[in-house]
Every structure is written in structure tokens, then in C-alpha cells.
Amino acid sequence: MEVRGEELTLGPMPLTLKLELFQHTGSFKPRGAFANLLMRKVPAAGVVAASGGNHGAAVAYAAMKLGVPAKVFVPAVASPAKQQRIRDYGADLVVGGERYADALAASEAWAAGSGALQVHAYDQIETLLGQGTLGLELEEQTGALDTLLAAVGGGGLIGGVAAWYAGRVKIVGVEPEAAPTLTRALEAGRPVDAPAGGIAADSLAPRRVGELMFPIAQAHVSAMALVTDEAIRAAQAALWSALRIVAEPGGAAAFAALASGRYRPRAGERVGVLVCGGNTTAVDFAR
């Protein structure tokens with residue numbers, strides 16, 4: 001989606017929004033889910049995934065389409081909208097623990113006992129390959145960009161997209177101040193545990209980034225920007241007010257960096273923003 005910055009009170013700038021909230025299941029995640037199920041051998045026990053919500057919905061959807069059993073573990077922080085999507089796609093949903101790390105441990109235990117294929121939300125080659133198709137598609141749709149802003153949780157999205165562009169575009173990672181996983185990893189020179197809180201905890205707070213994406217980030221992520229929960233809420237409101245785009249907190253985080261001034265483009269810079277998810281109950285038509 002091509003818009004002018006003035007429409008979003010950003011001043012005169014060309015802006016490209018990649019609207020992955022209109023993807024199947026409401027986020028970019030089906031790219032990686034289908035890559036896993038199509039590129040790997042799925043056993044009779046089916047697949048298992050741990051998720052804050054969006055990845056689980058994507059795996060459930062892909063499993064439904066391909067006719068394989070799916071079991072999905074999510075923490076209590078997963079939004080009701082995301083939990084319902086997983087159920088609607090026919091997966092066996094288990095809710096437990098406080099954060100993504102708890103769901104991951106439970107899914108690993110289930111895989112060990114059942115023989116189900118683990119589909120990791122971000123630290124899996126096929127997941128990165130699938131998310132990288134977003135970069136390919138965006139380049140085909142928009143042509144040249146100078147800069148692309150992407151939210152970071154475990155790093156599957158930014159890892160796949162950064163690998164696709166391989167330095168041809170400036171990649172800026174955006175994280176909540178309450179969950180600075182890649183920021184801390186880049187400072188330490190390796191993935192390390194980081195706080196896992198904030199308004200976007202169900203999508204951008206996995207405790208640490210993936211081992212597979214980290215060298216990609218070191219090579220091809222040019223900068224990081226941290227945004228507050230208040231900036232994310234304001235970004236959600238701005239996208240809805242100006243463009244009628246309903247983004248979940250994690251989906252609005254990359255735009256929040258631009259809207260709050262945490263990332264300031266130079267004059268004439270061609271900026272792209274990944275609006276990566278829309279699974280929220282923020283707009284309630286029943287009220």
C-alpha cells in the first residue's frame with residue numbers, strides 16, 4: 001500500500017506499507033508454516049507448535065489445509081482472538097504458562113513423547129525461508145526501497161527478509177522497550193535472555209532471538225529502534241484513524257518507530273513498513 005506521510009501526520013515522505021494483516025490467519029506467519037509442512041516429512045502424529053498466538057494459528061491453518069493433525073501450545077498471555085483462530089482451524093489447543101518460553105517447553109515435551117513434527121516459530125530453516133518470501137514479494141510489488149522497518153520477536157520475520165535483501169536495503173529492527181531481544185543480543189554478540197513483557201508480549205516477547213537468524217541480523221540488520229507501549233498504542237490508533245487498518249500491537253510496532261520519531265528518515269528516503277499482524281479485538285462491532 002502506497003501512502004503519503006502527510007496522511008499519517010508524518011510530513012512529506014513516500015511510504016510503503018506491507019499489509020500482512022490481510023494474509024491468511026491475519027499475520028505473515030503462514031509463509032513459514034506452509035514452508036515447514038511442505039518441505040519436511042510430516043509423521044502420522046502430525047505437527048506441534050508453540051506460539052504466542054499468530055504462529056499457532058498459521059500452523060493450525062496449514063495443517064487443516066494439508067489434512068494433518070496439529071497440536072498448539074500457547075501461554076495465558078495469548079489474546080482471545082488468536083486462541084479462537086487456532087480452535088477454528090481445528091487444532092488441539094493447550095493454554096498454559098505465563099510466556100512463550102513455557103509454551104515452547106510444553107511443546108517440546110509433547111513432541112518427544114508423541115513423535116509429532118515440531119514447527120518452530122522462528123528458529124527453523126524452513127520458517128526463515130518461508131518468511132523470506134515476504135521480502136521477495138515486497139520487492140516485486142514495490143521496486144526499490146531505501147529502508148524497511150520490521151518488528152522483531154524471535155527474529156524469524158526480520159531474519160528471512162534481511163536474508164532476502166542481503167544488504168540491498170537498509171533493514172531496521174523495531175522492538176518494544178519491554179522486550180528488547182535482538183537489541184540485547186547484538187550488544188552481547190550472541191542471543192541472550194531479555195525481558196519479555198509489554199503490550200505486544202503475545203507476539204514480540206520470546207525471551208531470546210533464534211540462533212539461526214542471529215548471524216543474518218549481525219550481517220544485514222543496519223539499526224535497531226526501541227518503542228514504548230504508549231507509542232505502539234498511538235501507532236495502532238493512527239493506522240485505524242487515517243487508513244482504517246486494524247493492527248495488533250506487534251503488527252503496529254514497526255510503524256510506531258516512525259510515528260514516534262524513534263526512526264527518522266532523511267529527506268526523500270523511500271521507507272517501507274511491515275504491518276505484520278491484525279489479530280486483535282480492539283475494534284468490537286458488537287458494542
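Counting begins at 1 with the first residue of the sequence.
With hydrogens and angles disregarded, no donor-acceptor distance shorter than 3.5 Å links the side chain of Ser241 to the backbone of Ala238. In terms of modelled atom types and a separation under 3.5 Å, the side chain of Glu126 and the main chain of Ala35 share no donor-acceptor contact. The closest donor-acceptor contact from the side chain of Asp229 to the backbone of Ile199 lies under 3.5 Å. Listed for the Glu7 side chain is a donor-acceptor partner under 3.5 Å among the backbone atoms of Arg4. Asn279 places a side-chain N or O within donor-acceptor distance of the main-chain N or O of Thr25, the cut-off being under 3.5 Å. Using modelled atom types, one side-chain atom of Arg40 and one backbone atom of Gln118 make a donor-acceptor pair closer than 3.5 Å. Judged by distance alone, the side chain of Asp123 and the main-chain N or O of Leu212 form a donor-acceptor pair under 3.5 Å. For the pair Gln83 (side chain) and Ala78 (backbone), a donor-acceptor distance under 3.5 Å is present.
Linking ILVMFWY residues whenever their side-chain heavy atoms come closer than 4.5 Å, directly or via other members, places Leu10 and Leu243 in the same cluster. Criterion: ILVMFWY side-chain heavy atoms under 4.5 Å apart, direct or through other members. Under it, Ile158 and Leu145 are part of a common hydrophobic cluster. There is no path of hydrophobic side-chain contacts, each under 4.5 Å, that joins Leu104 to Ile125. Under a hydrophobic-cluster definition in which Ile, Leu, Val, Met, Phe, Trp and Tyr are linked whenever side-chain heavy atoms come within less than 4.5 Å, directly or via other members, Leu134 and Val152 are assigned to the same cluster. Cluster membership for Leu148 and Leu15, using ILVMFWY side-chain heavy atoms within less than 4.5 angstrom, is not shared.
One finds the CD atom of Gln23 at 12.5 Å from the NZ atom of Lys29 (value rounded to the nearest 0.5 Å). Atom CD1 of Ile171 and atom CG of Leu274 lie 8.0 Å apart (nearest 0.5 Å). Within the model, atoms CZ of Phe28 and CG of Leu157 stand 4.5 Å from one another, a figure rounded to the nearest 0.5 Å. Separation of atoms OG1 (Thr228) and CZ (Arg233) is listed at 8.5 Å; rounding is to 0.5 Å. Going from atom CZ of Arg31 over to atom OG1 of Thr133 covers 4.0 Å, rounded to the nearest 0.5 Å. With rounding to the nearest 0.5 angstrom, the CG atom of Leu258 is 5.0 Å from the CE atom of Met13.
The shortest non-hydrogen separation linking Ser51 to Pro75 is O-CD, 3.0 Å. Considering every non-hydrogen atom in both Ala179 and Ala196, the closest pair reads CB-CA, 4.4 Å. Counting all heavy atoms, side chain and backbone alike, Ala256 lies closest to Ala231 at CB-O, 3.6 Å. Closest non-hydrogen pair, Pro176 versus Ala200, comes out as CG-CB, 4.3 Å. Residues Ala247 and Val275 come closest through the heavy atom pair CB-CG1, 3.9 Å. In plain terms, the two heavy atoms of Ala91 and Val72 that are nearest each other are CB-CG2, 4.1 Å.
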Checklist entry - Could you go step by step and tell me if Leu149 and Phe255 meet the side chain to side chain contact (heavy atoms under 4.5 Å, CB included) rule? => result CA-CA 8 Å; Leu149 276 63; Phe255 178 69; over 6 Å; no
Next on the checklist: As a quick check of understanding, evaluate side chain to side chain contact (heavy atoms under 4.5 Å, CB included) for Arg99 and Asp102, giving each step before the final call.
Outcome noted: CA-CA 6 Å; Arg99 297 296 181 191; Asp102 302 314; 4.2 Å; yes
Checklist entry - What's the verdict on side chain to side chain contact (heavy atoms under 4.5 Å, CB included) for Val94 and Trp110, showing C-alpha distance, side-chain angles and the deciding distance? => result CA-CA 11 Å; Val94 180; Trp110 172 263; over 6 Å; no
Item to check | Test side chain to side chain contact (heavy atoms under 4.5 Å, CB included) applied to Trp164 and Leu138, step by step | outcome: CA-CA 11 Å; Trp164 169 259; Leu138 180 59; over 6 Å; no
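Checked options Glu140, Glu137, Glu2; the residue passing with Lys18 is Glu137 (criterion: salt bridge (charged side-chain N to carboxylate O under 4.0 Å, His left out)).
Scanning for side-chain hydrogen bond (donor to acceptor under 3.5 Å, both in side chains) contacts around Thr127 gives Asn36, with sequence neighbours left out. Pro206 meets the side-chain contact (heavy atoms from CB on, under 4.5 Å) test with Tyr100, Tyr122, Thr181; sequence neighbours excluded.
Val119 belongs to a hydrophobic cluster with Phe34, Leu37, Leu38, Val42, Val47, Val59, Tyr61, Met64, Leu66, Val68, Tyr89, Leu117, counting contacts under 4.5 Å between side-chain heavy atoms of Ile, Leu, Val, Met, Phe, Trp and Tyr, direct or through other members.
Every pair passing side chain to side chain donor-acceptor pair (under 3.5 Å) that includes a residue from residues 204-226 is listed here, sequence neighbours excluded: Asp193-Arg208. Within the structure, the salt bridge (Lys or Arg N to Asp or Glu O under 4.0 Å) test picks out no pair touching residues 44-61 (sequence neighbours left out).
Using a 4.5 Å heavy-atom cutoff, the side chains of Ser27 and Cys276 are not in contact. For the pair Thr142 and Arg270, the minimum side-chain heavy-atom distance is 4.5 Å or more. Within the 4.5 Å cutoff, the side chain of Gln141 has no heavy atoms near those of the Thr16 side chain. Using a 4.5 Å cut-off on side-chain heavy atoms (C-beta onward), Glu6 and Pro12 make contact.
Within 6.0 Å of CZ in Arg264 there are 12 or fewer heavy atoms belonging to other residues, nucleotides or ligands. No more than 12 heavy atoms of other residues, nucleotides or ligands sit less than 6.0 Å from atom CD of Glu98.
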Give every donor-acceptor pair under 3.5 Å between a side-chain atom in residues 182-192 and any protein atom, sequence neighbours left out.
{"from": "Thr183", "atom 1": "OG1", "to": "Glu175", "atom 2": "OE1", "distance (Å)": "2.7"}

